[in-house]
Colleague: 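Provided herewith is a single structure, encoded as structure tokens, for subsequent inquiry.
The chains referred to below are lettered A, B, ... by the order of the sequence lines, with proteins before strands, and numbering in each begins at 1.
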Amino acid sequence: MNDASANEFLIVALARMIEGCRHVAVGNASPVPGAAALLARALSGDAMLVSLLGSLAHNPYTDGGRELFDSAGQGRLDAFFLGGGEIDGQANVNLVAVGPHDAPLARFPGSFGSAYLYFAVPRVILFRAEHTRRVLVPRVSFISAPGTSPPGIHRSGGPTALVTSRCAFAFDRARGRFRLETLHPGHTAEEVRAETGFDYDSAPEVAQTPPPSARALELIRGRVAGELAETYPSFAAREWGRAA
Amino acid sequence: MNDASANEFLIVALARMIEGCRHVAVGNASPVPGAAALLARALSGDAMLVSLLGSLAHNPYTDGGRELFDSAGQGRLDAFFLGGGEIDGQANVNLVAVGPHDAPLARFPGSFGSAYLYFAVPRVILFRAEHTRRVLVPRVSFISAPGTSPPGIHRSGGPTALVTSRCAFAFDRARGRFRLETLHPGHTAEEVRAETGFDYDSAPEVAQTPPPSARALELIRGRVAGELAETYPSFAAREWGRAA
Amino acid sequence: MLYRRPMTTARKLLDLDALAARIPDGAHLAIPADYSGVAMAATRALVRRRARGLRLVTVPTSGMQADILIGAGCVAAIETSGVGLGEHGLAPRFTAAAKSGSLHIIEATCPAIHAALQASEKGVPFMPLRGLLGSDLLAQRPDWKVIDNPFAAAGDPLVLLPAVRPDIALFHARWADRAGNVWIGRRRELATMAHAAARTLVTVEALFDGDLLADESTASGTLPSLYVSAAAVAERGAWPLPLPGLYAADDAAIRRYAQEARSDSGFARYLDETLRAAA
Amino acid sequence: MLYRRPMTTARKLLDLDALAARIPDGAHLAIPADYSGVAMAATRALVRRRARGLRLVTVPTSGMQADILIGAGCVAAIETSGVGLGEHGLAPRFTAAAKSGSLHIIEATCPAIHAALQASEKGVPFMPLRGLLGSDLLAQRPDWKVIDNPFAAAGDPLVLLPAVRPDIALFHARWADRAGNVWIGRRRELATMAHAAARTLVTVEALFDGDLLADESTASGTLPSLYVSAAAVAERGAWPLPLPGLYAADDAAIRRYAQEARSDSGFARYLDETLRAAA
């Protein structure tokens with residue numbers, strides 16, 4: 001492993017998952033996915049189009065807030081990142097609350113566009129750094145967006161992967177289950193099993209998540225950091241000492 | 001009567017019918033209604049908003065072709081002018097064809113926005129200079145837009161008047177019938193009865209349509225002619241020798 | 001900012017005939033109204049290449065463009081709210097084709113065309129629209145369905161329009177930049193057309209030297225390259241129709257067309273002259 | 001051109017407190033997301049005049065604006081797809097009110113709010129939207145109806161959203177001209193909000209000296225006065241939020257708010273300071 005920070009490692013892991021996409025969008029309050037999209041664009045030789053919510057410089061949309069969703073409905077959006085206050089083993093995502101809705105134990109900001117984009121975008125990458133039984137639960141207490149849909153429900157998209165600070169899972173839509181794909185350096189399959197609240201499949205030998213290349217790190221710390229600082233000044237300052 | 005031309009007379013007659021409106025729109029290929037709206041605006045001291053289809057200078061819309069219809073659906077459009085290849089005594093309007101649709105005897109351009117605006121705009125003024133039994137028929141052969149709707153049909157607008165080169169009718173929506181209101185100078189009630197293909201009501205004594213005031217004529221030939229020439233250069237050149 | 005937008009001009013910028021060649025016979029082709037920016041030079045290129053079987057949808061009306069394509073035998077069907085020459089009267093070739101029954105005319109009304117394109121724009125199968133009930137348009141449109149508004153207590157019929165998704169949108173605009181962004185100003189129906197269509201082909205007056213999205217004064221009137229398949233430069237490409245804000249209609253030329261196109265022989269002569277001049 | 005647009009400034013131009021007074025207690029108030037131009041100065045004026053019972057609809061999300069209004073007791077209900085402080089974490093007053101059950105939260109998802117406003121914009125009673133099925137949002141929204149797509153051969157369930165028609169839309173923009181036209185640039189959700197709302201109140205950085213509709217470069221980003229009830233000048237009126245294209249967020253000020261608002265006493269202190277500074 002090289003000298004990548006934890007966030008840099010995740011940025012590269014996420015960027016790898018959207019390789020080859022024509023158009024990738026990133027939602028609200030998502031600096032790591034935002035950096036991943038900007039990195040993937042840089043690595044693509046600018047063949048990839050990136051739409052960063054809240055950005056002026058890195059956002060092609062000119063038809064207002066609905067255009068992200070409209071373009072997804074048109075099939076013009078290949079990949080999107082989604083977080084979750086809770087995520088369960090069927091890839092259901094909870095962005096609303098834990099406990100009863102009118103007196104919750106925990107309250108999250110809200111569902112944002114998840115209930116729509118999870119259906120419309122072919123490749124939705126779930127990302128949550130915190131990998132604990134508090135977040136990765138057997139069953140979410142509120143489904144902001146369901147991981148799978150029964151036959152007969154119009155659905156052209158859905159989850160393909162889940163990346164945390166410990167590992168990367170792939171999601172099998174037909175089986176409705178995650179499979180542990182790779183472990184980040186320093187983490188073990190046993191640890192992941194212990195810290196995950198839901199059941200999942202796993203190969204007997206789980207590979208390591210590849211480390212960032214020198215080229216990727218150079219791009220992140222140069223171009224990507226500068227681009228990201230427009231929308232995420234605090235993150236860019238903390239991570240790389242970069243101002244917008 | 002003063003020295004108003006036939007078109008000027010009609011422009012003033014139409015302008016009178018939209019007095020007091022906050023917002024008036026004029027559709028395609030309508031130079032006389034267009035001039036009427038511009039005159040009414042001038043006479044209102046610019047309190048009236050006018051939207052002239054095809055104009056840049058006299059059109060407030062910035063949301064594309066749908067905005068005219070959307071604003072009507074929002075209740076923000078008070079009056080609109082509508083023509084007709086055929087118009088019948090129930091104020092049904094035919095802008096499509098006479099005879100069978102696949103082999104018509106006469107073909108008009110098409111329904112434009114009539115099938116919607118006739119329902120949405122409180123004050124729709126029908127205007128057709130030609131006043132003959134060919135145009136004013138007992139029953140239109142194609143209903144582009146119906147003059148009235150049965151109870152239970154959502155409808156907030158409809159026809160209020162019909163102006164021709166001979167006279168002005170008012171339309172009674174409850175009865176679904178026209179009533180001859182005023183005769184233009186030089187025309188008689190008998191002549192109108194003879195040249196109209198549908199039955200209508202009439203007072204025993206029909207008043208004369210008032211002639212244009214000197215002020216109105218002055219505005220038409222000055223400001224209105226100049227404003228209209230942007231959208232209707234041929235008409236303005238023919239009528240007043242005005243170029244855009 | 002280190003980022004420079006993709007330099008895709010090489011891929012997206014074509015010449016006029018190559019652009020017209022991207023519109024195959026039988027294509028479902030969306031074209032704008034006369035006030036929006038009509039790709040007349042590309043239309044002549046379509047006639048030159050003897051396009052056949054086009055299914056036009058006019059957004060929401062058309063004039064000389066549809067009339068020429070119909071007269072030249074390029075059109076199998078047209079969905080329209082109106083075809084006419086504005087101040088110059090009826091569209092002669094459209095009218096003749098309608099009377100002879102040689103053209104399949106799908107009657108529409110302006111807001112229905114806008115809404116049906118918005119349905120495609122939003123990725124929904126239909127859009128509701130008020131009005132229409134009691135009109136003979138409904139009889140002409142078995143694809144339009146009347147349902148009872150599910151939100152009303154008692155019966156409240158209204159019309160649902162199925163989404164219209166053209167294969168191709170074709171229009172003329174002022175500028176394209178080297179990334180393929182196109183400046184449309186306030187003609188936002190062009191954005192809706194492009195969002196709704198599978199592909200969008202554009203002719204422009206000129207290449208814009210810079211990034212149309214970089215400055216807020218141009219960005220607010222820009223259709224992003226995401227929707228633009230290819231562009232071609234065609235100076236005065238809307239002629240003899242206007243490009244509002246830049247040049248007015250050539251009234252004499254349209255008047256002459258209106259007169260010539262009244263007869264089959266006059267139209268043939270007009271077409272011949274026009275195509276020879278363009279070649 | 002002889003025509004000059006109506007000089008309605010006297011009628012439409014108010015001071016900030018007069019503008020806030022146009023928002024009555026109990027109003028159904030549409031407010032934009034942080035990236036759109038948030039009327040923060042007007043928000044402080046609303047708190048000053050002790051507005052009560054507001055029913056917010058966030059288009060489609062909100063942050064510090066909703067949080068302050070909730071904390072100050074101005075809000076009875078909020079329809080939202082998300083309330084948070086972005087990089088600065090959860091919105092503390094929203095979160096506290098949600099946990100205590102003192103706030104009626106109507107859960108939504110971004111495209112549903114956009115579409116429901118578009119329904120009002122188009123004067124239709126509802127709009128369809130894909131997705132949503134199988135989510136617990138549907139259970140929270142008895143006003144959303146599932147029907148079978150009437151255009152599908154077999155069962156194809158989809159959701160219909162009833163139109164949302166706010167009493168008032170409130171936002172901050174760069175310019176208004178003397179006729180009441182407002183320049184919104186590419187923030188077109190502000191146009192949708194204004195079209196959908198019965199009335200629109202706007203604060204602006206400055207008066208524009210001229211006609212925003214006269215030049216194509218400003219017209220394409222202009223909301224016409226037809227939709228604007230009143231405007232007030234409020235320099236840096238989005239502070240501490242950004243006015244994209246003109247000024248960035250005041251990150252230190254938002255961070256301080258995020259910290260203070262964690263406790264009731266901290267929020268009370270923050271509010272007190274803020275209102276005293278603004279008075």
Side-chain angles (χ1 to χ4, degrees), chain B residues 27-29 31 53-56 61-70 72-73 92 94-97 100-120 140-146 148-150 152-157 230-235 237 244, chain C residues 32-36 59-61 80-91 94-96 98-101 105 107-115 118 129-138 140 149 152 154-158 186-192 242 244-245 248-249 251 255:
Chain B
N28 216 39
L53 190 69
S55 168
L56 273 182
Y61 291 134
T62 57
D63 201 29
R66 67 171 175 252
E67 192 177 2
L68 166 65
F69 308 102
D70 287 357
N92 297 311
N94 175 9
L95 294 156
V96 168
H101 186 259
D102 53 358
L105 306 169
R107 172 72 212 195
F108 312 125
S111 299
F112 293 95
S114 64
Y116 178 79
L117 292 173
Y118 221 26
F119 286 76
V140 297
S141 55
F142 185 100
I143 300 179
S144 285
T148 60
S149 298
I153 300 286
H154 183 95
R155 182 165 192 165
S156 46
E230 177 211 8
T231 312
Y232 297 103
S234 294
F235 182 89
Chain C
D34 285 0
Y35 48 76
S36 281
V59 184
T61 59
T80 188
S81 307
V83 180
L85 299 183
E87 285 209 84
H88 302 285
L90 294 175
F94 167 77
T95 308
K99 283 183 170 176
S100 75
I105 304 175
E107 302 291 340
T109 182
C110 305
I113 291 182
H114 291 303
Q118 282 185 283
L129 188 67
R130 287 295 191 186
L132 305 180
L133 298 165
S135 108
D136 286 334
L137 287 173
L138 275 180
Q140 291 286 322
N149 172 11
D156 173 23
L158 90 176
R186 66 181 109 169
R187 297 297 1 145
R188 298 203 66 81
E189 61 279 345
L190 300 176
T192 306
D251 231 49
R255 189 179 307 117

Colleague: To the closest 0.5 Å, what do you measure between CG (D63(B)) and OG1 (T192(C))?
Modeller: 7.5 Å
Colleague: Considering only heavy atoms, which portion of R155(B) lies under 4.5 Å from any heavy atom of chain C: side chain, backbone, both, or neither?
Modeller: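 Neither the backbone nor the side chain of R155(B) comes within 4.5 Å of chain C.
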Colleague: Any idea which heavy atoms bring R107(B) and K99(C) closest together, and the distance?
Modeller: N-CE, 4.1 Å
Colleague: Check the pair F69(B), C110(C) against side chain to side chain contact (heavy atoms under 4.5 Å, CB included), reporting the backbone distance first and the verdict last.
Modeller: CA-CA 8 Å; F69(B) 308 102; C110(C) 305; 3.3 Å; yes
Colleague: Apply side chain to side chain contact (heavy atoms under 4.5 Å, CB included) to residues H88(C) and S234(B) and explain how you reach the verdict.
Modeller: CA-CA 9 Å; H88(C) 302 285; S234(B) 294; 3.8 Å; yes
Colleague: In the structure I gave you, are the side-chain heavy atoms of P146(B) and S135(C) within less than 4.5 Å of one another anywhere?
Modeller: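 With C-beta onward as the side chain, the pair touches.
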Colleague: Sort out for me which of N92(B), N28(B), L53(B) touches chain C most, counting heavy-atom pairs under 4.5 Å.
Modeller: L53(B)
Colleague: Taking the side chain as everything from C-beta on, heavy atoms only, tell me whether P157(C) gets closer than 4.5 Å to I153(B).
Modeller: yes
Colleague: Contact part of Y61(B) toward chain C, heavy-atom cut-off under 4.5 Å: side chain, backbone, both or neither?
Modeller: backbone
Colleague: So which residue, G110(B), A103(B), G64(B), ends up with the most heavy-atom pairs under 4.5 Å with chain C?
Modeller: G64(B)
Colleague: Looking only at non-hydrogen atoms, find the nearest pair between Y35(C) and G54(B) and report the distance.
Modeller: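 Nearest heavy atoms, Y35(C) then G54(B): CB-CA, 4.0 Å.
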Colleague: Heavy-atom distance under 4.5 Å to chain C: side chain of S144(B), backbone, both or neither?
Modeller: backbone
Colleague: Are T61(C) and F112(B) side-chain neighbours, meaning at least one heavy-atom pair lies under 4.5 Å?
Modeller: yes
Colleague: Using non-hydrogen atoms only, which part of A108(C) is less than 4.5 Å away from chain B: side chain, backbone, both, or neither?
Modeller: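 The answer is the backbone of A108(C).
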Colleague: Against chain B, label I105(C) side chain, backbone, both or neither, depending on which of its atoms sit under 4.5 Å from a heavy atom there.
Modeller: both
Colleague: Could you check whether any side-chain heavy atom of V83(C) comes within less than 4.5 Å of a side-chain heavy atom of P109(B), counting everything from C-beta outward?
Modeller: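 SC-SC contact between V83(C) and P109(B) ruled out.
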Colleague: What part of A98(C) gets closer than 4.5 Å to chain B, counting heavy atoms only: side chain, backbone, both or neither?
Modeller: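 Backbone plus side chain of A98(C), per the 4.5 Å heavy-atom cut-off to chain B.
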Colleague: If you measure only the distance, is there a donor-acceptor pair under 3.5 Å linking the side chains of R188(C) and T62(B)?
Modeller: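 Per modelled atom types, R188(C) and T62(B) side chains form no pair under 3.5 Å.
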Colleague: With respect to chain B, which residue among L137(C), V59(C), T95(C) yields the maximal number of heavy-atom pairs within a distance under 4.5 Å?
Modeller: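 When all of L137(C), V59(C), T95(C) are compared, L137(C) has the most.
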Colleague: Please classify the contact of P60(C) with chain B as side chain, backbone, both or neither, using a heavy-atom distance under 4.5 Å.
Modeller: neither
Colleague: In terms of heavy-atom proximity below 4.5 Å to chain B, should S36(C) be classed as side chain, backbone, both, or neither?
Modeller: neither
Colleague: Which bit of T148(B) comes within less than 4.5 Å of chain C, counting heavy atoms only: side chain, backbone, both or neither?
Modeller: neither
Colleague: Considering only heavy atoms, which portion of L90(C) lies under 4.5 Å from any heavy atom of chain B: side chain, backbone, both, or neither?
Modeller: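 Just its side chain gets close to chain B.
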Colleague: Could you grab the distance from atom OH of Y116(B) to atom CG of L132(C), nearest 0.5 Å is fine?
Modeller: 9.5 Å
Colleague: Under a 4.5 Å cutoff for heavy-atom pairs, which residue among E87(C), H114(C), Q118(C) has the most contacts with chain B?
Modeller: E87(C)
Colleague: Of the listed residues (A152(C), P111(C), A154(C)), which shares the most heavy-atom pairs with chain B below a 4.5 Å separation?
Modeller: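 The answer is P111(C).
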Colleague: Which one wins on heavy-atom pair count under 4.5 Å against chain B: R130(C), R186(C), E189(C)?
Modeller: R130(C)
Colleague: Under 4.5 Å, counting heavy-atom pairs only, tell me which of G134(C), G101(C), G84(C) racks up the most with chain B.
Modeller: G134(C)
Colleague: For F94(C) and F108(B), which heavy atoms make the closest approach, and how far apart are they?
Modeller: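 Looks like CE2-O, 3.9 Å.
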Colleague: Let's go through H154(B) and D156(C) carefully: what are the C-alpha distance in whole Å and the side-chain angles of both, what is the deciding distance for side chain to side chain contact (heavy atoms under 4.5 Å, CB included) to 0.1 Å, and is it a yes or a no?
Modeller: CA-CA 7 Å; H154(B) 183 95; D156(C) 173 23; 3.9 Å; yes
Colleague: Kindly compute the distance separating OH (Y232(B)) from CG (D251(C)), expressed to the nearest 0.5 Å.
Modeller: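 The CG atom of D251(C) is 12.5 Å from OH of Y232(B), to the nearest 0.5 Å.
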Colleague: For E67(B), is there an ion pair with R187(C) - N to carboxylate O distance below 4.0 angstrom?
Modeller: no
